[in-house]
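Just below is one structure, and these are the notes that go with it.
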Amino acid sequence: MSDNQNLLAEQRRALILDEIRRRGGVRVNELTRKLNVSDMTVRRDLDALARQGMVEKVHGGAVPVSEPSAHEPGFEVKSALELSAKEDIAKAAAEMAAPGSAIALAGGTTAFALAQRLLDVPDLTVVTNSVRVADVFYGAQRAAAGGAGPRAGAATVVLTGGVRTPSDTLVGPVADAAIRSLHFDVLFLGVHGISVEAGLSTPNLAEAETNRHFVRSARRVVVVADHTKWGTVGLSSFATLDQVQVLVTDAGLPAEARAEFAELPPELVVAGEPSAATDL
């Protein structure tokens with residue numbers, strides 16, 4: 001983390017957040033030296049991260065925010081975080097959706113970004129338990145057709161039904177029953193947390209059960225998750241890492257996490273890097 005004076009604010013804040021999480025806290029003067037920026041710039045960055053709920057400011061620096069494992073942020077809160085990372089991930093993951101295939105899109109803000117990238121993939125059948133994801137496809141169909149009917153090649157969208165969570169995801173017995181009866185070529189799955197020990201996890205027990213059905217019904221599981229999800233553990237685990245074929249993440253994933261993934265079953269695709277172009 002040196003010679004970073006020309007980094008965009010969002011990239012710089014991602015570096016600061018990684019450093020705080022890795023070390024358990026940092027001081028302002030340490031960050032000014034490592035990032036080669038002014039004291040005022042670092043303080044503004046810490047203020048921005050604190051407003052987003054990502055760090056807690058303390059005298060002379062900042063420490064990570066310790067969230068309860070059952071805490072589930074709402075969609076609007078999560079949608080404001082790691083915007084450029086989610087766009088990079090969505091762009092890379094969209095290349096893994098073959099025209100004419102049956103895909104599942106589980107809930108979350110990264111899946112929402114991916115849905116917008118999938119609008120131009122022809123003849124998809126999309127099953128989702130996300131109200132927001134379904135709205136992306138329905139809205140595009142209405143706009144293209146002007147109310148006259150879906151355009152040629154537009155996706156066929158199935159919304160599972162169920163009980164709505166704070167992240168606008170539908171879960172519970174109704175969603176589970178719908179998913180159990182289907183088979184997907186690819187599942188694109190956003191997650192609350194990923195770790196070697198806990199695998200994929202979420203703070204919502206009902207969502208965990210619905211995600212288990214998604215994973216069982218998919219021929220190929222592609223996890224779409226930005227680097228901040230690494231090392232986070234929610235209340236309930238729903239899949240192990242050997243049930244995942246691909247993890248698509250962003251360039252902010254730290255070196256130690258990359259080294260760990262080299263020993264794990266999923267293929268690691270780092271969006272924005274040359275290896276990110278992966279075919280289904």
Side-chain angles (χ1 to χ4, degrees), residues 1-68 71-93 108-114 116 167 190-195 203 223-234 247-258 260-261 268-273 276:
M1 285 175 44
S2 60
D3 196 23
N4 291 311
Q5 193 165 9
N6 295 323
L7 286 177
L8 296 174
E10 187 174 331
Q11 295 172 309
R12 190 175 60 246
R13 288 165 190 169
L15 289 171
I16 291 172
L17 185 59
D18 285 342
E19 187 77 354
I20 291 170
R21 286 174 168 167
R22 184 175 63 84
R23 295 177 52 192
V26 293
R27 300 185 65 81
V28 170
N29 57 6
E30 294 172 330
L31 291 172
T32 58
R33 289 195 302 270
K34 290 183 177 181
L35 291 168
N36 191 27
V37 294
S38 69
D39 179 279
M40 185 62 67
T41 296
V42 169
R43 292 185 186 278
R44 281 199 300 266
D45 288 339
L46 292 178
D47 285 340
L49 291 169
R51 285 195 301 270
Q52 294 175 355
M54 306 298 288
V55 304
E56 180 181 351
K57 292 182 67 180
V58 295
H59 182 68
V63 297
V65 172
S66 297
E67 290 186 343
H71 174 66
E72 182 178 9
F75 185 93
E76 299 300 338
V77 171
K78 292 190 290 185
S79 65
L81 305 176
E82 304 297 333
L83 293 176
S84 63
K86 290 171 184 174
E87 287 300 318
D88 288 343
I89 291 166
K91 182 178 179 180
T109 54
T110 307
F112 177 75
L114 174 57
Q116 296 170 75
S167 58
V191 297
H192 175 81
I194 310 171
S195 77
V223 172
V224 288
D226 69 73
H227 68 280
T228 65
K229 307 301 177 64
W230 182 253
T232 298
V233 177
L247 168 65
V248 186
T249 188
D250 64 284
L253 190 70
E256 55 268 31
R258 298 185 191 216
E260 285 187 282
F261 255 99
L268 179 65
V269 174
V270 180
E273 295 187 354

Do Val191 and Ile194 have side chains that approach each other closer than 4.5 Å (heavy atoms only, starting at C-beta)? yes
The reported gap from NZ in Lys229 to CG in Leu253 (rounded to nearest 0.5 angstrom) is 13.0 Å
Interatomic distance, CD@Glu87 vs OG1@Thr110, rounded to 0.5 Å, equals 9.5 Å
Below 4.5 Å, heavy atoms only, C-beta onward: do Leu247 and Val269 meet side chain to side chain? no
Across all chains, not counting sequence neighbours, the side-chain contact (heavy atoms from CB on, under 4.5 Å) partners of Ala62 are Ile20, Leu46, Val55
Non-neighbouring partners of Ser38 that pass side-chain hydrogen bond (donor to acceptor under 3.5 Å, both in side chains), sequence neighbours left out: Thr41
With sequence neighbours excluded, tell me which residues meet side-chain hydrogen bond (donor to acceptor under 3.5 Å, both in side chains) with Asp39. Arg43
Using side-chain contact (heavy atoms from CB on, under 4.5 Å) as the criterion, list what pairs up with Thr232, not counting sequence neighbours. His192
To check you understand the geometry: which heavy-atom pair defines the closest contact between Glu30 and Arg27, and what is its length? OE1-N, 3.0 Å
side-chain contact (heavy atoms from CB on, under 4.5 Å) with Gln116: which residues, sequence neighbours excluded? Phe112, Val136
Once salt bridge (charged side-chain N to carboxylate O under 4.0 Å, His left out) is applied, do any residues pair with Arg258, and if so which ones, sequence neighbours excluded? Glu273
So, taking the atom named NZ in Lys91 and the one named CD1 in Ile89, what distance separates them when rounded to the nearest 0.5 Å? 13.5 Å
Salt bridge (charged side-chain N to carboxylate O under 4.0 Å, His left out) partners for Asp45, two or more places apart: Arg12, Arg13
Donor-acceptor under 3.5 Å (Thr249 side chain, Val270 main chain): no
So, do Leu35 and Ile16 sit near enough that their side-chain heavy atoms are less than 4.5 Å apart? yes
Got a sec, which residues hit salt bridge (charged side-chain N to carboxylate O under 4.0 Å, His left out) with Glu256, two or more places apart in sequence or on another chain? none
What pairs with Lys57 under side-chain hydrogen bond (donor to acceptor under 3.5 Å, both in side chains), at least two apart in sequence or on another chain? Asp47
Looking at residues at least two apart in the chain, or sitting in another chain, which of them share a salt bridge (charged side-chain N to carboxylate O under 4.0 Å, His left out) with Arg44? none
Tell me every residue that passes side-chain contact (heavy atoms from CB on, under 4.5 Å) with Val63, counting only those two or more places apart in sequence or in another chain. Glu56, Val58
Check for a donor-acceptor pair, side chain of Asp250 on one end and backbone N or O of Ala271 on the other, with a separation under 3.5 Å. no
